[in-house]
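Data first, discussion second: the structure below is written as structure tokens.
To find a chain, count down the sequence lines: A is the first, B the second, and so on, and within it residues start at 1.
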Number of protein chains: 2
Amino acid sequence: MRSPITWQSVQAEALRRLRAGLWTPGARIPDEAELARELGCARSTVNRALRELAAAGLLERRRKGGTRVPLTPVRKATFEIPIIRLDIEARGQCPGYRLIRQATEPLPKAEARAMRADPGAPFLHLLALHLADDRPFCAEDRWINPETPGLDGADFETLSANEWLVGNTLFSDGAIGFAATAATPELAALLDCAPDAPLLTITRSTRAGPRPITAVRLFYAPGHRLETRL
Amino acid sequence: MRSPITWQSVQAEALRRLRAGLWTPGARIPDEAELARELGCARSTVNRALRELAAAGLLERRRKGGTRVPLTPVRKATFEIPIIRLDIEARGQCPGYRLIRQATEPLPKAEARAMRADPGAPFLHLLALHLADDRPFCAEDRWINPETPGLDGADFETLSANEWLVGNTLFSDGAIGFAATAATPELAALLDCAPDAPLLTITRSTRAGPRPITAVRLFYAPGHRLETRL
DNA sequence: TAGTGGTCTAGACCACTCA
DNA sequence: GAGTGGTCTAGACCACTAT
């Protein structure tokens, strides 16, 4: 009895052929049935291996058209987006949190568009600072729908809104964006950096089905880098 | 004969239960066999549905431990990283390319570390500008291993190194990082922006097995945003 | 030790799409 | 119309790990 061929080994073999140039860009590769015969496994095993490569952008598959090596592969990079506190702890630093401001204010247009909410509607507006080893790590500028269930009982003095939302709302739909912005005077004071310093900025908006939940801008202290493997 | 249950519909039902709060954070959900019985499908169909949710960070699965809703879900965001020219075309703009400088120089430490190459080794150093509708889009500062096969025949006056590498080298291993940096005087002149303007900066390094290939910094013109759905 | 997810198989039918 | 990938099924065995 042979030990069974795993989909991982089929995938590794496919990668080997891609890297060795046996399967060249633009060319069609053998179909699933043929690879299954050649490698001595079931077609579904080949399917799983190649499906994942296609999802990663390393192959293109079409019914009847077969599987091809793309001429211009679209690489995909995946970032993990943990809770800020856990991110700081993962760096071996001691996380801190300070609420700077909290008020109910009319929702600005940009945030309204991102959440698909009504501009001018009264939203809870928070400004907070996350600290790593007592040094500024990231400023959080957040707008929260006051109709979010359970919001009344939340105390954002001690618990980051980031964490409260993760534990108390149900994800549905969202968008995220990366940009570079210049530090405003207030942000510069919070983050202890020069005014107009370049800040990596992450914008996130979240909805639960039809209901807008929250829009947030995270301004990371100068020098912050977000990294991942390809 | 009933129409078959698809893994997508099982996944949708699981998401519905998560959003409806039927499956709450920290709680264990029914095991695969039970869900399969309940939904009237094969266990492998349930497995595929839940496996993808676990990969997305919405569930945690462990053998014998069962499947749970994580207390602190780690969201994952995936960005597509196309060739710059295709990115510009996808925006409905006309792409342009200008080579600014090309020389062989000793590899700086930062790039050497990123590629795991020897600092000071002679590398090909390119500085180029990508244009969208004749306006500066992105500056490309690239270091290429001169021992990369086929490099002699490449003409970077007319063809972006970005594209040449995609078509002529085989991917193996790489890293990518995002940051915000201030425009140097030279970058400000190229990108037609103020000196010290905040620039979204993407750093990428690529290796093919044991061999370092290229390290590149892309400086996007002010205002550039990178977006994706969650 | 026993329960649960991870995976393989062999066969089947369907959906898309190319010629 | 026919070839290819997409998926479902039923059953099986294995690997991990909680108890």
Side-chain angles (χ1 to χ4, degrees), chain A residues 1-15 17-18 22-71 73-74 76, chain B residues 1-15 17-18 22-71 73-74 76:
Chain A
M1 194 67 129
R2 299 188 316 285
S3 63
I5 310 287
T6 64
W7 66 265
Q8 289 96 334
S9 71
V10 173
Q11 193 174 74
E13 172 63 13
L15 275 173
R17 295 186 184 185
L18 283 169
L22 299 175
W23 293 347
T24 56
R28 185 163 162 181
I29 74 172
D31 63 46
E32 293 187 348
E34 186 168 335
L35 280 172
R37 246 178 286 123
E38 184 195 332
L39 301 173
C41 65
R43 181 167 79 92
S44 41
T45 305
V46 174
N47 180 279
R48 168 119 190 231
L50 299 189
R51 189 209 312 148
E52 298 217 337
L53 291 180
L58 272 73
L59 290 175
E60 276 176 356
R61 325 194 72 197
R62 245 179 275 175
R63 284 161 157 138
K64 164 74 180 177
T67 299
R68 292 173 175 281
V69 183
L71 286 170
V74 175
K76 284 169 186 156
Chain B
M1 193 68 125
R2 299 187 317 283
S3 63
I5 311 285
T6 65
W7 66 265
Q8 289 96 335
S9 71
V10 173
Q11 193 173 75
E13 172 62 13
L15 276 173
R17 295 186 184 185
L18 284 169
L22 299 175
W23 292 347
T24 56
R28 185 163 163 180
I29 73 172
D31 64 45
E32 293 187 347
E34 186 168 335
L35 280 172
R37 245 178 287 125
E38 184 195 332
L39 300 173
C41 65
R43 181 168 77 94
S44 40
T45 306
V46 174
N47 180 278
R48 167 115 190 235
L50 299 189
R51 188 208 314 149
E52 298 216 338
L53 291 180
L58 271 74
L59 291 176
E60 276 176 355
R61 325 194 72 199
R62 245 179 273 173
R63 284 161 155 139
K64 164 77 180 178
T67 300
R68 290 173 176 281
V69 183
L71 286 170
V74 175
K76 285 171 185 155

Taking any heavy-atom pair under 4.0 Å as a contact, classify B/S44: base, sugar-phosphate, or nothing.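 It contacts base atoms.
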
What's A/R43 touching, base or sugar-phosphate or nothing? Going by heavy atoms closer than 4.0 Å.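 If one applies the 4.0 Å heavy-atom cut-off, A/R43 turns out to touch a base.
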
[X] side chain near [N] phosphate (N/O to OP1/OP2, under 4.0 Å):
{"X": "B/N47", "N": "C/dG6", "answer": "yes"}
{"X": "B/R61", "N": "C/dG6", "answer": "yes"}
{"X": "A/R63", "N": "C/dC18", "answer": "no"}
{"X": "A/T67", "N": "D/dT4", "answer": "no"}
{"X": "B/Q8", "N": "D/dT7", "answer": "yes"}
{"X": "B/T45", "N": "D/dT7", "answer": "no"}

Tell me: [atom1] of [X] to [atom2] of [N], nearest whole Å?
{"X": "A/L39", "N": "C/dT7", "atom1": "CG", "atom2": "C1'", "answer": "17 Å"}
{"X": "A/R68", "N": "D/dG5", "atom1": "CZ", "atom2": "P", "answer": "11 Å"}
{"X": "A/E60", "N": "D/dG6", "atom1": "CD", "atom2": "P", "answer": "12 Å"}
{"X": "A/R48", "N": "C/dC8", "atom1": "CZ", "atom2": "C1'", "answer": "11 Å"}
{"X": "A/I5", "N": "C/dA10", "atom1": "CD1", "atom2": "C1'", "answer": "16 Å"}
{"X": "A/R37", "N": "C/dG11", "atom1": "CZ", "atom2": "P", "answer": "13 Å"}
{"X": "B/K64", "N": "D/dA18", "atom1": "NZ", "atom2": "P", "answer": "9 Å"}
{"X": "B/L59", "N": "C/dT4", "atom1": "CG", "atom2": "C1'", "answer": "15 Å"}

Take B/I29 and B/L50 through the test side chain to side chain contact (heavy atoms under 4.5 Å, CB included) and record every step on the way to the result. CA-CA 11 Å; B/I29 73 172; B/L50 299 189; 4.3 Å; yes

side-chain contact (heavy atoms from CB on, under 4.5 Å) partner of A/W23, chosen from A/T67, A/L18, A/L15: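 It is A/L18; the other options fail the test.
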
Quick one: do B/T45 and B/L39 satisfy side chain to side chain contact (heavy atoms under 4.5 Å, CB included)? Show the steps, please. CA-CA 10 Å; B/T45 306; B/L39 300 173; over 6 Å; no

If you take any heavy atom closer than 4.0 Å to DNA chain D, which residues from residues 49-56 of chain B end up in contact?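 Heavy-atom cutoff 4.0 Å gives no residues at all.
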
Nucleic acid contacts of residues 26-35 of chain A, taken as heavy-atom distances under 4.0 Å to DNA chain D: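 Residues of residues 26-35 of chain A that come under 4.0 Å of DNA chain D are, in numerical order, A/R28, A/D31, A/E32.
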
Please tabulate, for the side chains in residues 52-60 of chain B, all donor-acceptor contacts under 3.5 angstrom to protein atoms that are two or more places apart in sequence or on a different chain.
none

Distance-only, no hydrogens or angles: does the [X] side chain make a donor-acceptor pair with backbone N or O of [Y] under 3.5 Å?
{"X": "A/T24", "Y": "A/A27", "answer": "no"}
{"X": "A/R68", "Y": "A/G26", "answer": "yes"}
{"X": "A/S44", "Y": "A/N47", "answer": "no"}

Nearest listed nucleotide, side chain of A/C41, among D/dT7, C/dA2, C/dT9: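 Looking only at heavy atoms from C-beta outward on A/C41, the closest nucleotide is C/dT9.
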
Are the side chains of A/I5 and A/V10 in touch, meaning some heavy atoms are under 4.5 Å apart?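 Counting from C-beta outward, A/I5 and A/V10 do come under 4.5 Å.
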
Scan A/E34, A/E32, A/E38 and name whichever one has a salt bridge (Lys or Arg N to Asp or Glu O under 4.0 Å) with A/R43.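 Considering A/E34, A/E32, A/E38, a salt bridge (Lys or Arg N to Asp or Glu O under 4.0 Å) with A/R43 is found only for A/E32.
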
How far apart are the closest heavy atoms of B/K64 and B/R28, and which atoms are they?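 Minimum heavy-atom separation between B/K64 and B/R28: O-NH2, 4.0 Å.
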
